[in-house]
Each structure stands twice: as structure tokens, then as C-alpha cells.
Amino acid sequence: MKPHSVLIVLYDDVQSLDVTGPLEVFAGAGTATGRPGTYRITTAGPGGGPVRTSSGMRLLPDEDLDRAGPPHTLLVPGGRGTVDPDPAVVRRIAELAPAAERVVSVCTGAFLLAEAGLLAGRRATTHWARCDSLARRFPDVEVDPEPIYVRDGNISTSAGVTAGIDLALALVEEDLGRDTALLVARHLVMFLRRPGGQAQFSTQLAAQLAERHPLREVQRWIAEHPGDDLSVEALAGRAAMSPRHFARAFAAEVGTTPGRYVDGVRLETARRLLEDTGDGVEEVARSCGYGTPEAMRRAFVRALAVPPAEYRRRFRTAHRAHQAH
């Protein structure tokens with residue numbers, strides 16, 4: 001394969017992990033294939049001088065951003081520097097992007113792509129805490145707060161920090177094949193590569209913890225008993241409330257309806273069982289409350305765009321897959 005050039009844009013107050021995470025993935029591809037230089041990685045910043053990351057660490061770019069040539073892959077990391085971006089950096093991104101085969105942002109790097117006019121009319125994502133801000137600031141961008149990364153044509157945007165690693169692995173898979181991407185993931189001790197459609201964070205983290213003790217107990221019960229009857233009527237009975245009162249109180253305190261909360265917990269539990277156990281699809285469906293494998297298949301396709309068997313094949317943890325052999 002002809003070496004792909006990757007240009008990583010640096011600027012003051014960049015997030016260091018947004019830079020080094022994808023960089024290690026691309027560099028690791030050369031180690032995994034035994035062909036160092038599979039990706040030619042260059043970092044570039046304004047004037048070519050040192051930049052201070054948001055954590056205080058200094059990074060020395062390889063070259064001046066104004067002198068950098070158009071790369072195969074233009075990668076724009078996020079960080080506090082995107083809040084009031086350097087106009088020269090935005091201008092240079094806009095100049096380099098048209099000649100790049102693909103343009104990638106990590107976390108709030110999406111703001112720089114949007115400032116450069118690259119996301120107009122496109123679907124994109126960023127860190128969940130900044131999605132509303134991105135949508136307000138750039139109403140011509142279709143902001144999707146759910147997935148860990150979004151690919152729209154030759155432009156890809158990812159959520160916070162580690163999602164940039166997932167996206168970089170997906171690009172390596174596109175370039176070099178699934179086996180190489182898996183080798184890189186294992187070298188980085190990443191036991192599974194998350195699909196782009198996976199939610200940025202879990203149902204339990206996304207939802208609020210209810211204020212009232214009976215509702216918190218219901219949340220705990222749902223997590224521990226996904227295969228039980230988790231209808232509104234049954235859950236209301238556990239909370240000693242009428243179904244109508246329970247549904248209203250749960251939505252008000254947790255931030256989502258009981259039904260959606262249950263759906264999220266069941267999906268996460270099923271995913272975890274597929275990743276970490278040898279239980280059959282039918283057994284997983286039953287233990288997670290789906291009733292039938294077909295019901296679970298529909299839930300997986302709707303939420304993750306892959307059926308359960310394919311999800312297991314692609315994302316099962318490395319040590320479990322090894323045990324299976």
C-alpha cells in the first residue's frame with residue numbers, strides 16, 4: 001500500500017489525548033503490519049512553534065501549518081482552543097480540506113471544521129456536553145449527540161477523546177483490513193472496538209439518578225433484573241405508586257421515560273453478555289427480557305445497525321475470543 005499521509009493540526013489549548021490517541025493508532029498500524037511508515041504522520045501548528053495543550057504539556061509540531069501540504073487524511077483534534085479559535089488555524093483547515101481524501105475531527109475539533117464551513121448541510125457529532133452548543137452556533141449542521149462517531153461522505157466527526165481512537169481504528173480497517181485494525185486495538189489493550197453508532201455513554205450514566213429513594217431502588221432493580229417484568233405497572237408497584245404517578249415522577253427525576261430507560265439497560269446488558277460470555281443469542285435474549293431472538297435482533301439493528309450475531313463477531317473481547325478457541 002502506498003503510504004497515507006496524516007496531518008494532525010496543533011494549536012494552543014489543544015487536548016493532548018485527541019492528538020496522541022489517533023496518532024498512536026496510525027503509528028501502530030505500521031508495527032502491526034511489520035511495515036513502519038504505513039502512515040506518514042506529521043503534526044503542524046501556527047508558525048511551527050511549540051503549543052501548550054489544555055493540560056499544560058507542550059508539543060512541538062513537525063512543521064509550520066502554513067507550509068504543510070494537503071494530506072491524505074487531515075485530522076483536527078479538539079480542546080479548549082476551539083472556544084475562541086485562532087482564525088489562521090481555521091483558514092488553513094479550510095484551505096487544506098478540499099484536497100484531502102478525508103477530513104477527521106476529534107471531540108470539539110468539530111467546531112473548527114464548522115468554522116471552516118466544512119460541516120454545512122452535513123451530519124456530525126462532538127462531545128455530548130457540547131452538542132447543543134454546536135447546534136446553536138452552526139444551525140446548518142445536523143448535530144447528532146448519540147453516536148461516538150459519524151461519517152458523512154469524506155468527513156468524519158467523533159465524540160470525546162477515546163471516540164477518536166475508535167474512529168481512527170475504523171479508518172485503519174478501511175485502509176488495511178479488519179485483521180490489522182484488531183491487531184492495533186490489541187496492542188493498545190483495547191479489548192473491543194466500538195461501532196460508530198454506539199451511544200456516547202451508558203443509559204445509567206446518561207440518565208440522572210432519581211432523588212426519591214423508591215425511584216432509585218427501581219433503577220437499581222432494573223439494572224439487576226433486566227429479564228423480569230419491567231412494565232410501568234410492575235415498576236410502579238415496586239415503588240408503591242400508581243402507574244400514572246410513577247411514569248410522571250420517573251421521567252421528571254431520571255430525564256427519560258421508564259420504557260426508554262428499560263430499553264437502554266436491556267440493550268447494554270445484552271451487549272455485555274455477547275462481548276464477555278459464550279451464552280447463545282437465544283439465552284441472552286431471554287435473560288435480558290427480549291423474549292425472542294427476533295425481538296433482540298430488531299433492538300440491535302435499530303440502535304447499533306448490526307444484528308446480535310454480527311455484533312458478537314466484531315466486538316467480542318479478545319480474551320474471551322481466545323478462550324473460545
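Both backbone and side-chain heavy atoms feed into the values below; hydrogens, waters and symmetry mates do not. Just so we're clear, the structure is a prediction, and the values are computed from it rather than from any experiment.
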Search all heavy atoms of [X] against all heavy atoms of [Y] and return the closest pair with its distance.
X      : Y      : value
Pro71  : Ser5   : CA-OG, 3.3 Å
Pro46  : Leu10  : CD-O, 3.3 Å
Val232 : Pro258 : CG2-CB, 4.2 Å
Pro226 : Arg266 : O-NE, 2.8 Å
Ala239 : Val218 : CB-CG2, 3.9 Å
Gly278 : Arg312 : C-NH2, 4.0 Å

Would you sort out whether Arg91 and Asp66 count as a side chain to side chain contact (heavy atoms under 4.5 Å, CB included), showing the intermediate values? CA-CA 10 Å; Arg91 170 187 55 78; Asp66 276 339; 3.2 Å; yes
Using modelled atom types only, decide if a donor and an acceptor are shared between the side chain of [X] and the backbone of [Y] within a distance under 3.5 Å.
X     : Y      : value
Thr82 : Gly109 : no
Arg58 : Pro50  : no
Tyr11 : Gly78  : yes
Arg92 : Ala68  : yes

Please tell me whether Tyr311 and Arg271 have a donor and an acceptor in their side chains that are separated by less than 3.5 angstrom.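 The criterion, which ignores hydrogens and geometry beyond distance, is satisfied for Arg271 and Tyr311.
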Answer yes if [X] and [Y] sit in the same cluster of Ile, Leu, Val, Met, Phe, Trp and Tyr residues linked by side chain heavy atoms under 4.5 Å apart, and no otherwise.
X      : Y      : answer
Val306 : Leu267 : yes
Met57  : Leu60  : no
Phe26  : Leu59  : yes

Salt-bridge contact [X]-[Y] (side-chain N to carboxylate O under 4.0 Å):
X      : Y      : value
Arg272 : Glu268 : no
Arg102 : Asp175 : yes
Arg216 : Glu253 : no
Glu283 : Arg286 : no

Can you pull out every salt bridge (Lys or Arg N to Asp or Glu O under 4.0 Å) where at least one residue sits in residues 3-32? Sequence neighbours excluded, please.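 As it turns out, the salt bridge (Lys or Arg N to Asp or Glu O under 4.0 Å) pairs with a partner in residues 3-32, which skip direct neighbours, are Asp13-Arg80.
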Got a second to check how far [X]'s [atom1] is from [Y]'s [atom2], nearest 0.5 Å?
X      : Y      : atom1 : atom2 : result
Glu233 : Ser242 : CD    : OG    : 10.5 Å
Leu273 : Cys288 : CG    : SG    : 5.0 Å
Glu217 : Glu224 : CD    : CD    : 8.5 Å
Leu74  : Glu101 : CG    : CD    : 12.5 Å
Leu65  : Leu7   : CG    : CG    : 6.5 Å
Met241 : Leu215 : CE    : CG    : 4.0 Å

Classify the ring geometry of Tyr261 against Phe250: parallel below 30°, tilted from 30° to 60°, perpendicular beyond 60°.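 If you compare the ring of Tyr261 with that of Phe250, the planes turn out perpendicular.
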Stepwise side chain to side chain contact (heavy atoms under 4.5 Å, CB included) check, Ile222 with Arg238: CA-CA 11 Å; Ile222 292 170; Arg238 296 199 64 82; over 6 Å; no
Passes side chain to side chain contact (heavy atoms under 4.5 Å, CB included), Trp221 versus Leu230? Steps please. CA-CA 9 Å; Trp221 175 266; Leu230 300 180; 4.0 Å; yes
Side chain to side chain donor-acceptor pair (under 3.5 Å) partners for Thr43, two or more places apart: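 Scan of Thr43 (side chain to side chain donor-acceptor pair (under 3.5 Å), adjacent residues dropped) gives Asp62.
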Given Pro77, which of Val19, Leu17, Thr53, Leu23 fulfils the side-chain contact (heavy atoms from CB on, under 4.5 Å) condition?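 Of all the options given, the one that passes is Val19.
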Side-chain heavy-atom pair [X], [Y] within 4.5 angstrom cut-off:
X      : Y      : value
Glu142 : Asp152 : no
Leu176 : Tyr39  : yes
Ile93  : Val89  : yes

I'd like to know whether CG of Asp84 has more than 12 heavy-atom contacts from other residues, nucleotides or ligands below 6.0 angstrom.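 No, because the 6.0 Å sphere around CG of Asp84 holds 12 heavy atoms or fewer from other groups.
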Report, as yes or no, whether the 6.0 Å neighbourhood of atom CD on Glu95 holds more than 12 heavy atoms from other residues, nucleotides or ligands.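 Result for CD/Glu95: enclosed.
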Apply side chain to side chain contact (heavy atoms under 4.5 Å, CB included) to Thr180 and Val172, showing your working. CA-CA 7 Å; Thr180 298; Val172 168; 4.1 Å; yes
Could you list the residues that satisfy side-chain contact (heavy atoms from CB on, under 4.5 Å) with Ala110, not counting sequence neighbours?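 In terms of side-chain contact (heavy atoms from CB on, under 4.5 Å), with neighbours along the sequence ignored, Ala110 is linked to Ser105, Leu119, Thr126, Leu134, Thr157.
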Looking at Phe111, I'd like to know if the NZ or CZ of Arg130 sits under 6.0 Å from its six-membered ring centre while staying within 45 degrees of the ring's axis.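 Here Arg130 passes the 6.0 Å and 45° test against Phe111.
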